Amino acid sequence: MQAQSKAFLYFICLVSAMGGLLFGYDWVVIGGAKPFYELYFGISESPLMQGVAMTTALIGCLIGAMVAGAAADRYGRKPLLMTSAVLFTVSAIATGLFNDFTMFNIARFIGGIGIGVASALAPMYIAEVSPPAIRGRMVSLNQMTIVLGILAAQVVNMLLARDTSNAVSQAWNVEWGWRWMFWAETLPAALFLLLSFFIPESPVYLKLKEALPLAENKSGGHEAGLRELFQSKYGRVLLLGLVIAVFQQWCGTNVIFNYAQEIFVGAGFDVDGMFINIVITGIANVIFTIIALYTIEKWGRRTLILIGAGGLGLIYLTLGTCYFMHLTGVMMVVLVVAAISVYAMTLGPVTWTLLAEIFPNRIRGIAMATCTFALWVGCCTLTFSFPSMNASLGSSGTFWIYSAICLCAFIFLYRRCPETKGKSLEQLEEELVG
């Protein structure tokens, strides 16, 4: 590949991956804002309303993911990426602007739609424009930007949150601090929108558009895609995609980001210590995602996803035991960082890479949307169920359950997950579907 064309490839992939940056920021920023907006809206003693605030954006993710596939097949990948940029920008401004809890949740819902669209489209677009030899690495750029967005949210939250032991500072946190945490997203969201004007349409989409009659695209194209997707010949690969997508959420790692307050306070840390530990996990997340950029093409997708399932299973078994024995302090932080590190090197990037690779070109849009929808269903149920599980089973029982899920996933993936590195999308289609 010539240097000029390679540079342009990196440019368009990085622009597309900015959707991942905003996805990561928007998804995690609420964890740091949580202690303050709950006091502002008067829901600090209402677990139900707390759950509503945490899951509103995730419901938007479901809708965004659900419509992304059909819209991408009809209108193209590029317009959908631009739409997600607009939604991120509007949500970032509105979430911090509103003083009403209902309007706050509507703004979060709009941002969630943007997350759902970007999470389905960005890895698919990158896979479709990248050559096989570096496709895994390029798709992993999307996960790289996701974790950078997560780290950015964690750092912004820590810098904006003032001393919680000081009454005046705490009053500022409750009135303004959480608002600026959301407003900080506006700049990268606007930049994503601007740069998205300069990327080309996916060549795979252009070929499909030429191959299919225009009339079919305008009438029933989405339904035809769904009918094809659920045909028996796609059953095996669809099941694999759904399991991989849901497992990425139900492995349990993401509760550490969304419920960091409960996890670290339960491990013996105060709120200020919680913010520091959150940033530590974010740094580990970035470092091991960088490592994944190099290992995903050398070790392969299958090896990494098995390491992720097995490694997390062992770590959560140990973490649950430590909670059961009422251990606190640095040991707990080490285990949490270990879990984040294993996830960042394996399930984080490999999930999106596999989902973008295993489906045939003709149904990739609707298949990615379906699996991304399933992923966000998994995320919603995980996020909503954690407080109840944590209250009824304790942290020990909760992490033991996540350990058991990882073990079951390891067995399934060992039997069913193929190796996809170095193969063209057409070659994979022939091998997996025939």
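What you see is a predicted model; the values in this text were computed from it and never measured.
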For the pair E185 (side chain) and A92 (backbone), establish whether a donor and an acceptor sit closer than 3.5 Å, ignoring hydrogens and angles.
no
If you compare all heavy atoms of R416 against all heavy atoms of R236, which two are closest, and at what distance to 0.1 Å?
NE-NH1, 3.4 Å
Hey, does N105 have a side-chain heavy atom less than 4.5 Å from the side chain of F109?
no
What residues form a ring pair (Phe, Tyr, Trp, His ring centres under 6.0 Å) with Y316, not counting sequence neighbours?
F399
With a 4.5 Å limit on heavy-atom distance, are the side chains of C379 and W376 in contact?
yes
Whether Q143 side chain and A344 backbone form a donor-acceptor pair below 3.5 Å
no
Of L347, I126, I244, L375, which is the lone residue that meets side chain to side chain contact (heavy atoms under 4.5 Å, CB included) with W352?
L375
Shortest non-hydrogen contact between E419 and R301, atoms and distance
OE2-N, 3.0 Å
Is a donor on one side and an acceptor on the other found under 3.5 Å between the side chain of R135 and the backbone of K423?
yes
Heavy-atom nearest pair, G96 first then W178, reads CA-CZ3, 4.3 Å
Hey, what's the ring geometry for F386 with Y402, parallel, tilted or perpendicular (30° and 60° as the breaks)?
parallel
For the backbone of G378 and the side chain of T381, can you confirm whether one donor and one acceptor N or O come within less than 3.5 Å of each other?
yes
Rounded to the nearest 0.5 Å, what separates atom CD1 in I199 from atom CE in M82?
8.0 Å
Can we say R364 and D73 salt-bridge, meaning some charged N sits less than 4.0 Å from an Asp/Glu carboxylate O?
no
Of all heavy-atom pairs between L160 and M181, which one has the smallest distance, and what is that distance?
CD1-N, 3.5 Å
What is the distance from atom CD of E128 to atom CD of E201, rounded to the nearest 0.5 Å?
8.5 Å
Could you give the distance from CD1 (I363) to CE (M368), rounded to the nearest 0.5 Å?
12.0 Å
Please say which of V86, T83, L81, L87 ends up in a side chain to side chain contact (heavy atoms under 4.5 Å, CB included) with L193.
V86
Cation over ring face, R74 and Y205, 6.0 Å, 45°
no
Start with the C-alpha gap between L141 and T145, add the side-chain angles, then the distance that decides, and say whether side chain to side chain contact (heavy atoms under 4.5 Å, CB included) holds.
CA-CA 6 Å; L141 283 175; T145 58; 5.6 Å; no
Beyond-backbone contact of T398 with Y323, side-chain heavy atoms, under 4.5 angstrom:
no
Show your reasoning for whether side chain to side chain contact (heavy atoms under 4.5 Å, CB included) applies to V286 and L148.
CA-CA 6 Å; V286 171; L148 287 173; 3.9 Å; yes
How long is the span from the CG atom in L312 to the OG atom in S341, to the nearest 0.5 Å?
10.0 Å
Tell me the closest heavy-atom pair linking F23 and F88, and the distance in Å.
N-CZ, 3.8 Å
Rounded distance [0.5 Å steps], CG in L327 versus OG1 in T321
9.5 Å
For F11, run the side chain to side chain contact (heavy atoms under 4.5 Å, CB included) check against V15, L14, L9 and tell me which one passes.
V15
When the ring planes of W180 and W183 are compared, do they come out parallel, tilted or perpendicular, using 30° and 60° as the limits?
perpendicular
Does the side chain of V336 reach to within under 4.5 Å of the side chain of I315, using non-hydrogen atoms?
no
In the structure I gave you, are the side-chain heavy atoms of T56 and F104 within less than 4.5 Å of one another anywhere?
no
Which heavy atom of T346 sits nearest to which heavy atom of G308, and what is that distance?
OG1-CA, 3.2 Å
Verify, without hydrogens or angle tests, whether K78 (side chain) and F197 (backbone) share a donor-acceptor contact under 3.5 angstrom.
yes
Do I358 and L428 make a side-chain contact, defined as non-hydrogen atoms from C-beta onward lying under 4.5 Å apart?
no
Answer yes or no: is there a side-chain heavy-atom contact under 4.5 Å between C417 and I305?
yes
I296 CD1 to L354 CG distance, which is reported to the nearest 0.5 Å
7.5 Å
Run N285 and L151 through side chain to side chain contact (heavy atoms under 4.5 Å, CB included) and show every step you take.
CA-CA 8 Å; N285 201 10; L151 179 60; over 6 Å; no
Is a donor on one side and an acceptor on the other found under 3.5 Å between the side chain of R302 and the backbone of P418?
no
Taking ring pair (Phe, Tyr, Trp, His ring centres under 6.0 Å) as the definition, give me every residue that meets it alongside F247, ordered by chain and number, with sequence neighbours left out.
none
With a 4.5 Å cut-off on side-chain heavy atoms, are P203 and V129 touching?
yes
Option among L58, V52, I30 that satisfies the side chain to side chain contact (heavy atoms under 4.5 Å, CB included) test with R108
I30
Just say parallel, tilted or perpendicular for the rings of F182 and Y37, cut-offs at 30° and 60°.
tilted
Assess whether side chain to side chain contact (heavy atoms under 4.5 Å, CB included) is satisfied between I150 and Y25, documenting all intermediate values.
CA-CA 5 Å; I150 290 172; Y25 187 98; over 6 Å; no
Which class fits the ring pair W400 and F324: parallel under 30°, tilted 30 to 60°, perpendicular over 60°?
tilted
